[in-house]
Number of protein chains: 2
Amino acid sequence: MVTRKRFDDSECPVARSVDAIGDWWSLLIVRDAFDGSRRFGEFQRSLGVAKNILTARLRTLVAGGVLESVPASDGSAYREYVLTPKGKSLFPVIVALRQWGEQNFFAPGEEHSQLVDRRRGHRLRPLEVLSSDGRRMNPDDTTVHKISTR
Amino acid sequence: MVTRKRFDDSECPVARSVDAIGDWWSLLIVRDAFDGSRRFGEFQRSLGVAKNILTARLRTLVAGGVLESVPASDGSAYREYVLTPKGKSLFPVIVALRQWGEQNFFAPGEEHSQLVDRRRGHRLRPLEVLSSDGRRMNPDDTTVHKISTR
DNA sequence: CACGATGGTTGCAACATGCTACCAAAATAG
DNA sequence: CTATTTTGGTAGCATGTTGCAACCATCGTG
């Protein structure tokens, strides 16, 4: 169980997100789910994580509505873990992490896995933070309003 | 010290990113840095984290090139922690986490902090994953190429 | 029905985290 | 200049989390 820390009461969406997926394994499980892993054993082999930890993480991800447990697609009696819509909406998070890693942890020319447009095989455009009227936003161009009623 | 796990050898950029910032506190420290926190005490009060843990996290973030320690901007003898260019390039990651949190962890109308365009005070446009030719990409529209020479 | 594969659970050792107390240097008040 | 407070840490210890290995029940297959 990932114990909920001190931010139960937090009004910061980042803190709530981190609370839901912000540990080492959860994010990688979600990444594997995007890459097509569905079965317990697939995640376990792909990640090399201890089985009890994987059990716990899958449970919290299901409890958090990121994954759901469904009957196996091949008709067997086993179950599979698939992304919910909420889980799929993590796509920009995973892409952002991937692009940051590509830019910062690989020497030029060093090999690494790569996320591409399935139809054309091209790399994706780097994510851009845009204002509501489409201007590119750097960190300094933004500020946090502490409270809003939306 | 955040012990490096089993992915030293990984070719996946997501894993390397998670290894650098993928624990509960590091991401929140980076978020606070984007929001203007610079001093040890600022981070500590804002996050409520134990001081020894904060010390360790700041050290690993500095060692990882995400933050750097500079002389205090007010001329005092203390030091401050500021984002490096590598750290600033985490902006889309933080924004993605924030938007995911906003969409999924708050009831409609519930109050929460909000990141806005400083000039106009408007909310930011939701991040979009785009192909190199500008088509919007859903998870199913993409695939992972295991290796590339870039 | 026997046997391997799958998907776990359990117990324990090692490690990371959080809390409290402590401390030295820097700033500040008098 | 001295006393006190603030800042930015360390140190020690209790607790929580993780990783590993062993075990086990169910499923699928021959």
Side-chain angles (χ1 to χ4, degrees), chain A residues 1-10 15 18-29 32-33 36-64 67-82, chain B residues 1-10 15 18-29 32-33 36-64 67-82:
Chain A
M1 184 65 176
V2 176
T3 54
R4 185 163 278 269
K5 305 276 169 56
R6 74 202 63 260
F7 279 88
D8 311 72
D9 55 334
S10 173
V18 170
D19 196 40
I21 54 162
D23 74 287
W24 220 82
W25 293 119
S26 296
L27 273 167
L28 294 175
I29 290 169
D32 274 12
S37 290
R38 305 168 68 91
R39 296 282 281 257
F40 186 94
E42 284 184 283
F43 291 110
Q44 213 242 318
R45 272 187 302 277
S46 166
L47 297 172
V49 59
K51 293 199 287 183
N52 53 346
I53 305 297
L54 180 57
T55 301
R57 287 294 171 278
L58 289 172
R59 248 197 271 281
T60 60
L61 288 170
V62 169
L67 297 177
E68 66 183 327
S69 171
V70 302
S73 50
D74 60 0
S76 78
Y78 295 119
R79 299 191 70 73
E80 296 183 345
Y81 299 91
V82 300
Chain B
M1 185 64 177
V2 176
T3 55
R4 185 164 278 268
K5 305 279 170 55
R6 73 205 63 259
F7 278 88
D8 311 74
D9 55 335
S10 173
V18 170
D19 196 40
I21 52 162
D23 73 286
W24 220 82
W25 293 119
S26 296
L27 273 167
L28 293 176
I29 289 169
D32 273 11
S37 290
R38 305 167 69 90
R39 296 283 282 259
F40 186 94
E42 284 184 283
F43 291 110
Q44 212 242 318
R45 273 187 301 278
S46 166
L47 297 171
V49 59
K51 292 200 287 183
N52 54 346
I53 304 299
L54 179 57
T55 300
R57 286 295 171 277
L58 289 172
R59 248 196 271 280
T60 60
L61 288 170
V62 168
L67 297 178
E68 67 183 326
S69 170
V70 301
S73 51
D74 60 0
S76 79
Y78 296 118
R79 300 191 70 74
E80 296 183 343
Y81 299 91
V82 300

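Lettering of chains follows the sequences in order, A, B, ..., and the numbering in each one begins at 1.
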*Could you state the CH2-C1' distance from A:W24 to C:dA16, rounded to the nearest angstrom?*
15 Å
*asked:* Starting the side chain at C-beta, find the nucleotide from D:dT18, C:dC19, D:dC20 nearest to B:A50.
replied: C:dC19
*Taking it one step at a time, do B:F43 and B:V49 satisfy side-chain contact (heavy atoms from CB on, under 4.5 Å)?*
CA-CA 8 Å; B:F43 291 110; B:V49 59; over 6 Å; no
*Which is true for A:Y81 with a 4.0 Å heavy-atom rule: it touches a base, it touches only sugar-phosphate, or it touches nothing?*
sugar-phosphate
*How far does CG of B:L54 sit from CZ of B:F40, to the nearest 0.5 angstrom?*
4.0 Å
*Phosphate oxygens OP1/OP2 of C:dT9: is one of them under 4.0 Å from a side-chain N or O of A:R59?*
yes
Using atom names, set out every protein N or O paired with an N or O of nucleotides 23-30 of chain C below 3.5 Å, distance rounded to 0.1 Å.
| residue | atom | partner | partner atom | Å |
| --- | --- | --- | --- | --- |
| C:dA27 | OP1 | B:A77 | N | 2.7 |

*If you check the A:R45 side chain, which of D:dG8, C:dT10, C:dT6 turns out closest?*
C:dT6
*Protein-nucleotide distance (B:L54, atom CG; D:dG9, atom P), rounded to Å*: 8 Å
_Walk me through whether A:L67 and A:I29 qualify under side-chain contact (heavy atoms from CB on, under 4.5 Å)._
CA-CA 10 Å; A:L67 297 177; A:I29 290 169; 4.2 Å; yes
_Sidechain-backbone polar pair: A:T60 side chain, A:R57 backbone, donor-acceptor under 3.5 Å_ = yes
*For A:S26 and A:G22, indicate whether the former's side chain and the latter's backbone hold a donor-acceptor pair under 3.5 Å.*
no
_Tell me the interatomic distance from B:W25, atom CH2, to C:dT17, atom P, rounded to whole angstroms._
11 Å
*Does the C:dG11 base have a donor-acceptor partner in the side chain of A:N52 within less than 3.5 Å?*
yes
*Expressed in angstrom and rounded to an integer, what is the separation of A:I53 atom CD1 from C:dG8 atom P?*
14 Å
*Separation of B:R57 atom CZ from C:dG18 atom C1', in whole Å?*
12 Å
*Rounded distance (Å) that lies between atom P of C:dA5 and atom CG of A:D74*: 17 Å
*For A:W25 and A:I53, which heavy atoms make the closest approach, and how far apart are they?*
CD1-CG2, 3.7 Å
*Of the non-hydrogen atoms in B:S69 and B:R79, which two are nearest, and what is the gap between them?*
OG-NE, 2.7 Å
*Output yes when a side-chain donor or acceptor of B:R38 lies under 3.5 Å from a complementary backbone atom of B:E80, and no otherwise.*
no
_Let me confirm one number: the CZ-OG distance from B:R39 to B:S73, rounded to the nearest 0.5 Å._
7.5 Å
*End-to-end bend of the helix from C:dC1-D:dG30 to C:dG30-D:dC1 (five-pair axes, 10° rounding)?*
30°
*According to a strict under-4.0 Å criterion, is A:R39 in side-chain N/O contact with OP1 or OP2 of C:dG7?*
yes
*Let me know the distance between CD of B:Q44 and P of C:dT20, rounded to the nearest Å.*
12 Å
_Output the rounded distance in Å from CG (A:D23) to P (C:dC15)._
20 Å
